[in-house]
Novice: 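Here it is, the structure, as structure tokens.
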Amino acid sequence: MTASEALQAPAQTRPVRVRIAPSPTGDPHVGTAYIALFNYVFARQHGGKFVLRIEDTDQTRARRDSEQMIFDALHWVGLEWDEGPDVGGPYGPYRQSERGAIYAEHTQILLDKGEAYRCFCTSERLAELRAQQQAEKKSHGYDRHCRSLDNADVARRMAAGEASVVRLKAPTEGSIVVRDRLRGDVVIDHAQVDDQVLLKSDGMPTYHLANVVDDHLMHISHVIRAEEWISSTPKHVLLYKAFGWEEPAWYHMPLLRNSDKSKISKRKNPVSINYYRDAGILAPALLNFLALMGWSFGEDREKFTLAEMIPVFNLDRIALGGPVFNLDKLTWLNEKYIHDMSDDQLVDALLGWRLRRDYLKQLAPLIRQRIKKLDEFIPATDFFFAGDLDYSTVFDQFVIPDVLPADVAKGLLAFVERFEARETWSHEMLHDEAKAWTDELGWKSKHSFILLRLIATGRKASPGLFETMAVLGKEVLRRRVRRAAELIASGGKAK
RNA sequence: GACCCCAUCGUCCAGCCGGCCUAGGACACCUGCCUUUCACGCAGGCGACGCGGGUUCGAAUCCCGCUGGGGUCGCCA
């Protein structure tokens, strides 16, 4: 079947219910806003519901503050959800970590139906298996070592307290069809689908199980998600079949890209929604820009609001090529939005941005002793408000004595890695990391700290370096250090 | 490496159930106009159907192959 035939397939009669399911493992990602946008618009267009579900089943990576940041970021862009952990709804809880009993129950159903089995293989054995498959250049996948264990054996090992997971008993012959409504049918040999882990040894479900169970229980009618999921969709279809449930309609959106076409990543692009907010991008402009990534309004129109998009939205108009996220165009669109604001709207936007009371209040202790008159405040603090800084007058000071520029650049990136790895964000943490980092590189702090100061503030004299960095925030600091590193590595030629 | 997806200007999109396409719009870049400056605005320029085979009177549009790019291959999502 071709894509156009798939699109002509009988329309779903179920009420429209869509969702986004971010994982709270870091900063709120533009990719989340991107997918949320299309789900939101689709729901609104069809009078359906837009659900927010938090996928926090990875105990080792979930972060407490991350969930709240996701809420805040989605509120900021203006994509309001109808059901979610904070607002409730008829199919809660909407946080996967609170749905343990549901997953346990459904795992048991599959076990009872003979659609799943216990597996006692250790991660060591699996790692070895993978290494061996890699060495033999064979395709990867679990070898079904535990698939034929008999019940008595399983019971005995369970009783002995041996750790185990539950795996899906996937068919070994034939093929499965994934009906992607954007591309047509994708046929996958069952041989390509291995016996996926459904329940981890800590009792938590994997993404595959939790996702399918929740989408079904939450009556999700259309799954609009990123293309990176398309390879695991056969597993999900198999799960729907194993449970005997009706599948949702699948739509896999193209992936946002870095300028080298790889999947968008924080190493090559600012990916946090908070960065764009702090750098002075307006929420409607961000949404408008995101809508342009893979979709077109029609009639060559590029500037439009969310409300204007809803009635004309059409999934048929999704372009499947991976769109490169281009800051220049975002900035241009943002400019249009600013030009079209009234005086009051502009003032309000400014006051809601970094001219907010709580942000200015963070500046007060840093600047009080450094100004003699109020009129010195703005010139003394400009770098607290700017996004990217102009380094042209200080670039020649971006040096560490006796260190090659390429190594200075590399060293700076190592500093970014250090503060990225920390969960806390404070001037104490930044100070500790900067010191340890300087020592590790064998640099002198009188050199490395002035370099950081120049990069963070664009000047040699500023309030306390680490206090300043802390106020600037992780997103802006990361961007400035990365940009400076690029500049140094390229001899000042990068833009 | 295996599997899957994708393929129009540097970038984002339009066109793609074949002819109206000497391929349209936008960003970026360049030039000029406007202007006391800068910016805005306006006008113009540069610039693409990846390659090779088919099918057809006719292909950017349909088919096949190749090439290229991307994604996935975890007790992460």
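Numbers restart at 1 for each chain; the letters A, B, ... are given by sequence-line order, proteins then strands.
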Novice: Collect all protein-nucleotide pairs involving nucleotides 38-44 of chain B in which both atoms are nitrogen or oxygen and the distance is under 3.5 Å.
Specialist:
residue, atom, partner, partner atom, Å
B/G41, OP1, A/Lys336, NZ, 2.7

Novice: Decide yes or no, distance alone: a donor-acceptor N/O pair under 3.5 angstrom between the base of B/C5 and the side-chain of A/Arg183.
Specialist: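 Between B/C5 and A/Arg183, which were checked side chain against base, a qualifying N/O pair under 3.5 Å is absent.
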
Novice: Would you say the rings of A/Tyr207 and A/Trp229 are close, in the sense that their centroids are separated by under 6.0 Å?
Specialist: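 Between A/Tyr207 and A/Trp229, which both carry aromatic rings, the centre distance is below 6.0 Å.
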
Novice: Indicate, with a heavy-atom threshold strictly under 4.0 Å, whether A/Met293 touches base, sugar-phosphate, or nothing.
Specialist: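 Sugar-phosphate: the residue A/Met293, judged by heavy atoms under 4.0 Å, touches backbone atoms but no base.
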
Novice: Might you point out which heavy atoms bring A/Gly141 and A/Leu129 nearest each other, and give the distance in Å?
Specialist: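 Where A/Gly141 meets A/Leu129 most closely, the heavy atoms are O-CD2, 3.9 Å.
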
Novice: What's the NZ-C1' distance between A/Lys200 and B/C76, to the nearest Å?
Specialist: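 Those two atoms, NZ and C1', are 7 Å apart.
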
Novice: Atom CZ of A/Phe297 to atom P of B/G15: distance rounded to whole Å?
Specialist: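 Spelled out: CZ on A/Phe297 to P on B/G15 is 14 Å.
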
Novice: Stems in RNA chain B: runs of 3 or more consecutive Watson-Crick or G-U pairs, distances under 3.5 Å?
Specialist: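 Paired runs of 3+ in RNA chain B: B:1-7 with B:67-73, B:10-13 with B:24-27, B:29-33 with B:41-45, B:50-54 with B:62-66.
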
Novice: Which heavy-atom pair separates A/Met341 from A/Gln345 by the least distance, and what is that distance?
Specialist: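 For A/Met341 and A/Gln345, the tightest heavy-atom pair comes out as CA-OE1, 3.4 Å.
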
Novice: For B/G74, take OP1 and OP2 only and decide whether either is under 4.0 Å from a side-chain N or O of A/Arg125.
Specialist: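 No, A/Arg125 has no side-chain N/O under 4.0 Å of OP1/OP2 on B/G74.
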
Novice: Listed in order of residue number, which residues of residues 96-110 of chain A have a non-hydrogen atom at under 4.0 Å from RNA chain B?
Specialist: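 By residue number: none to list.
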
Novice: On a whole-Å scale, what distance lies between the C1' atoms belonging to B/C9 and B/C5?
Specialist: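 These two C1' atoms come out 24 Å apart once rounded.
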
Novice: What's A/Arg225 touching, base or sugar-phosphate or nothing? Going by heavy atoms closer than 4.0 Å.
Specialist: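 Counting heavy atoms under 4.0 Å across all strands, no contact is made by A/Arg225.
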
Novice: If a pair satisfies salt bridge (charged side-chain N to carboxylate O under 4.0 Å, His left out) and one of its residues is in residues 342-355 of chain A, list it, with sequence neighbours excluded.
Specialist: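 Salt bridge (charged side-chain N to carboxylate O under 4.0 Å, His left out) check on residues 342-355 of chain A returns A/Asp278-A/Arg354.
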
Novice: Determine the contact category for A/Glu302: base if any of its heavy atoms lies under 4.0 Å from a base atom, sugar-phosphate if only primed atoms, P, OP1 or OP2 are that close, otherwise nothing.
Specialist: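 Base: the residue A/Glu302, judged by heavy atoms under 4.0 Å, touches a nucleobase.
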
Novice: Would you measure the distance from the P atom in B/G69 across to the matching atom in B/U8 and give it in whole Å?
Specialist: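 It comes out at 14 Å once rounded to the nearest Å.
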
Novice: Quickly work out the A/Asn288 CG to B/C12 C1' distance and round it to whole Å.
Specialist: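 Spelled out: CG on A/Asn288 to C1' on B/C12 is 12 Å.
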
Novice: Tell me what A/Gly294 touches on the nucleic acid: a base, only sugar-phosphate, or nothing, going by heavy atoms under 4.0 Å.
Specialist: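 If one applies the 4.0 Å heavy-atom cut-off, A/Gly294 turns out to touch the sugar-phosphate alone, with no base involved.
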
Novice: With respect to the side chain of A/Lys329, which nucleotide from B/A77, B/C75, B/A26 is positioned closest?
Specialist: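 When the side chain of A/Lys329 is considered, B/A26 is the closest of B/A77, B/C75, B/A26.
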
Novice: Whole-Å distance between B/A2 C1' and A/Arg130 CZ?
Specialist: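 About 15 Å, once rounded to whole Å.
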
Novice: What's the CG-P distance between A/Asp189 and B/C4, to the nearest Å?
Specialist: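 Checked: the CG to P distance equals 8 Å.
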
Novice: When you measure from the side-chain N and O atoms of A/Lys235 to the phosphate of B/C73, is any distance below 4.0 Å, counting only OP1 and OP2?
Specialist: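 False: A/Lys235 side-chain N/O out of range (4.0 Å or more) of B/C73 OP1/OP2.
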
Novice: Would you mind reading off the distance between A/Asp300 atom CG and B/G25 atom P, rounded to a whole angstrom?
Specialist: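 For the pair A/Asp300 CG and B/G25 P, the rounded distance is 8 Å.
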
Novice: With sequence neighbours excluded, tell me which residues meet salt bridge (charged side-chain N to carboxylate O under 4.0 Å, His left out) with A/Arg53.
Specialist: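 Counting only residues at least two positions away or on another chain, A/Arg53 forms a salt bridge (charged side-chain N to carboxylate O under 4.0 Å, His left out) with A/Glu55, A/Asp214, A/Asp215.
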
Novice: Please give me the minimum heavy-atom distance between A/Pro85 and A/Arg95, naming the atom from each residue.
Specialist: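 Reported closest heavy-atom pair: CB-NH2, 3.5 Å.
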
Novice: Heavy atoms only: give me the nearest A/Pro254-A/Ala319 pair and the separation to one decimal.
Specialist: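 Result for this residue pair: CG-O, 3.4 Å.
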
Novice: Considering only atom P, compute the distance from B/C42 to B/C51 and round it to an integer number of Å.
Specialist: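 Here B/C42 and B/C51 have their P atoms 35 Å from each other.
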
Novice: Categorize A/Thr25 for me: base, sugar-phosphate, or nothing, with a 4.0 angstrom heavy-atom threshold over every strand shown.
Specialist: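 No contact.
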
Novice: Which pairs, with at least one residue in residues 24-40 of chain A and sequence neighbours excluded, count as a salt bridge (charged side-chain N to carboxylate O under 4.0 Å, His left out)?
Specialist: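 Listed once each, the pairs are A/Asp27-A/Lys474.
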
Novice: What distance, rounded to whole Å, do you find between the two P atoms, one in B/C20 and one in B/C62?
Specialist: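 To the nearest whole Å, 15 Å.
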
Novice: Sequence neighbours left out, what pairs pass salt bridge (charged side-chain N to carboxylate O under 4.0 Å, His left out) with at least one residue falling in residues 285-309 of chain A?
Specialist: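 Non-adjacent pairs meeting salt bridge (charged side-chain N to carboxylate O under 4.0 Å, His left out): A/Arg301-A/Glu308, A/Glu302-A/Lys329, A/Lys303-A/Asp340.
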
Novice: Could you give the distance separating B/C6 and B/U61 at their P atoms, to the nearest angstrom?
Specialist: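 About 16 Å, rounded to a whole number of Å.
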
Novice: Got a list of protein N/O to nucleotides 45-48 of chain B N/O distances below 3.5 Å?
Specialist:
none

Novice: Using only modelled atom types and a 3.5 angstrom limit, is any donor from either the side chain of A/Ser296 or the base of B/C13 paired with an acceptor on the other?
Specialist: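 Answer no: no donor N or O sits under 3.5 Å from an acceptor.
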
Novice: Base, sugar-phosphate alone, or nothing: which one does A/Val165 contact when heavy atoms must sit under 4.0 Å apart?
Specialist: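 Base contact.
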
Novice: With sequence neighbours excluded, what pairs up with A/His190 under the ring-ring contact (aromatic ring centres under 6.0 Å, His included) test?
Specialist: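 Once residues adjacent in sequence are excluded, A/His190 has no partner under the ring-ring contact (aromatic ring centres under 6.0 Å, His included) criterion.
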
Novice: Going by salt bridge (charged side-chain N to carboxylate O under 4.0 Å, His left out), name the pairs with one or both residues in residues 252-261 of chain A, residues two or more places apart or in two chains.
Specialist: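 Sorted pair list: A/Asp260-A/Lys268.
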
Novice: Can you pull every protein N or O that's under 3.5 Å from an N or O on nucleotides 67-71 of chain B?
Specialist:
residue, atom, partner, partner atom, Å
B/G70, O4', A/Arg257, NH1, 3.4
B/G70, O2', A/Arg257, NH1, 3.3
B/G70, O2', A/Arg257, NH2, 3.3
B/G71, OP1, A/Lys263, N, 3.0

Novice: Consider ring pair (Phe, Tyr, Trp, His ring centres under 6.0 Å). Of A/Tyr40, A/Phe42, A/Tyr34, which one does A/Phe38 pass it with?
Specialist: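 Testing A/Phe38 for a ring pair (Phe, Tyr, Trp, His ring centres under 6.0 Å) against A/Tyr40, A/Phe42, A/Tyr34 leaves exactly one candidate, A/Tyr34.
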
Novice: When the distance from NE2 of A/His208 to P of B/C75 is rounded to whole Å, what number comes out?
Specialist: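 Between P of B/C75 and NE2 of A/His208: 9 Å.
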
Novice: Using the ring centroid of each side chain, check whether A/Phe243 and A/His216 are separated by less than 6.0 Å.
Specialist: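 No; A/His216 has its ring centre 6.0 Å or more from that of A/Phe243.
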
Novice: Taking all non-hydrogen atoms of both residues, which atom of A/Phe304 and which atom of A/Trp295 are closest, and how far apart?
Specialist: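 It is CZ-CZ3, 3.7 Å.
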
Novice: Roughly, in whole Å, what's the span from CZ in A/Phe325 to C1' in B/C13?
Specialist: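 Rounding to the nearest Å, CZ of A/Phe325 and C1' of B/C13 are 16 Å apart.
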
Novice: P atom, B/C30 versus B/G71: distance in rounded Å?
Specialist: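 Each nucleotide's P atom is 32 Å from the other's.
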
Novice: Ignoring backbone atoms, establish whether A/Thr57 has a side-chain N or O less than 4.0 Å from OP1 or OP2 of B/A77.
Specialist: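 For A/Thr57, the contact criterion (side-chain N or O under 4.0 Å from OP1 or OP2 of B/A77) is met.
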
Novice: Check step by step if side-chain hydrogen bond (donor to acceptor under 3.5 Å, both in side chains) holds for A/Arg225 and A/Thr233.
Specialist: CA-CA 11 Å; A/Arg225 68 200 335 180; A/Thr233 308; 3.2 Å; yes

Novice: Quick one: label A/Cys121 by what it contacts on the DNA or RNA (base, sugar-phosphate, nothing), any heavy atom closer than 4.0 Å.
Specialist: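 Result for A/Cys121 = base.
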
Novice: For A/Asn274 and A/Trp76, test the side chains for any donor-to-acceptor distance below 3.5 angstrom and give the result as yes or no.
Specialist: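 Judged by distance alone, the side chains do not pair up.
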
Novice: Of A/Ser259 and A/Arg317, whose nearest nucleotide on RNA chain B comes first from the 5' end?
Specialist: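 Its nearest nucleotide being more 5', the pick is A/Ser259.
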
Novice: Using atom types as modelled, flag every donor-acceptor pair under 3.5 Å from a side chain in residues 160-169 of chain A to any protein atom, sequence neighbours excluded.
Specialist:
residue, atom, partner, partner atom, Å
A/Glu162, OE1, A/Arg157, NE, 3.1
A/Glu162, OE2, A/Arg157, NE, 3.2
A/Glu162, OE2, A/Arg157, NH2, 2.7
A/Ser164, OG, A/Arg118, NH1, 3.0
A/Arg167, NH1, A/Asp195, O, 2.7

Novice: Quick one: label A/Ile188 by what it contacts on the DNA or RNA (base, sugar-phosphate, nothing), any heavy atom closer than 4.0 Å.
Specialist: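 Sugar-phosphate, no base atom in range.
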
